[in-house]
There are 2 protein chains.
Amino acid sequence: MAKNCNFIEKLRELGLRPTKQRVKMCEVLFNREKTFHFTINDLVKMISEEMNEKISLATVYNTVHAFEKKGYLKEISINSDKSYFDTNTSVHHHFYDEDTHELIDCDENDIDPVNIKKNITGKKINSVEVLVKVESDNQNQKKFN
Amino acid sequence: MAKNCNFIEKLRELGLRPTKQRVKMCEVLFNREKTFHFTINDLVKMISEEMNEKISLATVYNTVHAFEKKGYLKEISINSDKSYFDTNTSVHHHFYDEDTHELIDCDENDIDPVNIKKNITGKKINSVEVLVKVESDNQNQKKFN
DNA sequence: AATCTACATTATAATAATTCTAAACTGTTG
DNA sequence: CAACAGTTTAGAATTATTATAATGTAGATT
């Protein structure tokens with residue numbers, strides 16, 4: 001769909017210099033049909049699979065945070081040892097599969113809007129996130145220990 | 001309220017040896033009117049303030065996880081660099097103050113139950129958590145930069 | 001096109017949270 | 001009270017992330 005030159009233009013619009021590392025990361029992150037979730041580690045793997053040259057880990061962190069600050073990535077809250085990011089930056093909720101550690105988007109229609117009747121005085125709401133933790137439902141399959 | 005001997009008895013019931021470290025941690029965590037939130041760091045500080053002897057960091061981690069596994073502590077999801085725990089293990093939601101990094105219980109009546117209309121097939125729901133991120137609402141107070 | 005400069009990248013070190021390890025210690029059981 | 005399994009401990013190891021400081025480069029200026 002979008003070609004490199006588009007990313008170059010887009011980066012410039014955002015006030016980010018279109019370095020080859022950033023353009024590459026745009027391709028990996030945004031040049032696809034569907035949005036997806038990833039950890040920094042996932043992303044490093046994806047990049048190295050699609051590339052002969054390597055992008056430094058520090059650059060991956062820097063660029064992910066730059067894209068996040070510009071609103072093109074969203075960090076997702078999971079109590080875990082690592083951060084998850086989402087290329088879907090719209091307001092939506094998640095299932096988290098505790099078996100596979102996979103993060104899955106909730107369809108907008110699958111969870112009714114959360115009704116917050118009372119907020120904390122003097123504070124404004126920045127975001128409302130629902131995290132539904134799920135696990136395989138194998139009643140038959142007993143664990144050995 | 002509950003005295004040491006009660007904690008000793010309680011620990012034994014749970015199949016946890018009532019070592020002096022565990023009893024001490026019970027006092028710090030559960031011997032109070034209100035439930036509260038803490039990080040491991042907070043807890044270590046609380047313990048050292050109330051004690052002449054120290055409890056090893058590894059033991060604090062071990063014991064917190066033991067209590068969590070037994071269902072007397074709950075880990076709370078916040079995208080952050082550290083884990084938050086809650087001595088309130090009932091189903092309830094949270095406000096997270098992004099200014100102060102404070103975690104505040106939602107009153108049960110302040111958020112309507114979350115209605116999940118469609119789950120993932122073959123999976124059972126372990127938990128549903130709402131996290132409402134808030135920030136001070138000072139329209140008047142402009143930021144310099 | 002050569003030069004300049006602020007912004008970027010990089011390898012590496014540093015930090016922080018957490019887990020692992022293996023030795024020493026201690027409730028509990030017989 | 002002896003024995004053993006479960007615990008604690010200090011410190012090392014691991015993992016995720018951020019900081020540092022030298023080098024590289026995009027884009028403006030000459």
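Note: hydrogens, waters and symmetry copies are ignored here, and every other heavy atom, side chains too, is used. Remember, predicted model here, so these are calculated numbers, not experimental data.
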Side chain of A/K82, heavy atoms from C-beta onward: which of C/dA17, D/dG27, D/dA16 has the nearest atom to it?
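Nearest listed nucleotide: D/dA16.
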With nearest nucleotides of DNA chain C determined for B/L16 and B/E75 from heavy-atom distances, which residue corresponds to the more 5′ nucleotide?
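On the 5' side of the pair lies B/E75.
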Looking at D/dT18, I'd like to know if its phosphate oxygens (OP1 or OP2) sit under 4.0 Å from a side-chain N or O belonging to A/H65.
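Yes, because at least one side-chain N or O of A/H65 sits under 4.0 Å from OP1 or OP2 of D/dT18.
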OP1, OP2 of D/dT18 versus side-chain N and O of A/Y61: anything below 4.0 Å?
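Answer is no, no contact under 4.0 Å.
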Dump the pairs, protein N or O against N or O of nucleotides 28-30 of chain D, anything under 3.5 Å, distances to one decimal.
none

Just checking, is any N or O donor in the side chain of [X] or [Y] under 3.5 Å from an acceptor N or O on the other one?
X: B/Y84; Y: B/H94; result: no
X: A/N62; Y: A/T59; result: no
X: B/D86; Y: B/N88; result: no
X: A/D42; Y: A/H37; result: no

Within this structure, what is the [atom1]-to-[atom2] distance between [X] and [N], rounded to whole angstrom?
X: B/K69; N: C/dT19; atom1: NZ; atom2: P; result: 11 Å
X: A/L43; N: D/dA16; atom1: CG; atom2: P; result: 14 Å
X: B/E53; N: D/dA10; atom1: CD; atom2: C1'; result: 16 Å
X: A/K45; N: D/dA16; atom1: NZ; atom2: C1'; result: 14 Å
X: A/E9; N: D/dG27; atom1: CD; atom2: C1'; result: 14 Å
X: B/E68; N: C/dT18; atom1: CD; atom2: P; result: 11 Å
X: B/L14; N: D/dT7; atom1: CG; atom2: C1'; result: 16 Å

Protein N or O to nucleotides 9-13 of chain C N or O, pairs below 3.5 Å:
from, atom 1, to, atom 2, distance (Å)
C/dT9, OP1, A/T19, OG1, 2.4
C/dT9, O3', A/Q21, NE2, 2.7
C/dT10, OP1, A/Q21, NE2, 3.1
C/dT10, OP2, A/S56, N, 2.9
C/dT10, OP2, A/T59, OG1, 2.9

Looking for any heavy atom pair under 4.0 Å, which part of the strands does B/T39 touch: base, sugar-phosphate only, or nothing?
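Contact class for B/T39: none.
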Measure from the ring center of B/F67 to the ring center of B/F30 and say whether it is less than 6.0 Å.
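Yes, close enough.
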Is there a salt bridge (charged side-chain N to carboxylate O under 4.0 Å, His left out) between B/D97 and B/K133 once you walk through the steps?
CA-CA 6 Å; B/D97 189 327; B/K133 292 188 182 167; over 6 Å; no
Ion pair present between A/D99 and B/K123, side-chain N to carboxylate O less than 4.0 angstrom?
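Yes, A/D99 and B/K123 are salt-bridged.
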With sequence neighbours left out, what residues match B/K118 under salt bridge (charged side-chain N to carboxylate O under 4.0 Å, His left out)?
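Here no residue qualifies.
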So, applying side chain to side chain contact (heavy atoms under 4.5 Å, CB included) with B/V132, which one of A/I120, A/I125, A/V114 is it?
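Only one of A/I120, A/I125, A/V114 forms a side chain to side chain contact (heavy atoms under 4.5 Å, CB included) with B/V132, namely A/I125.
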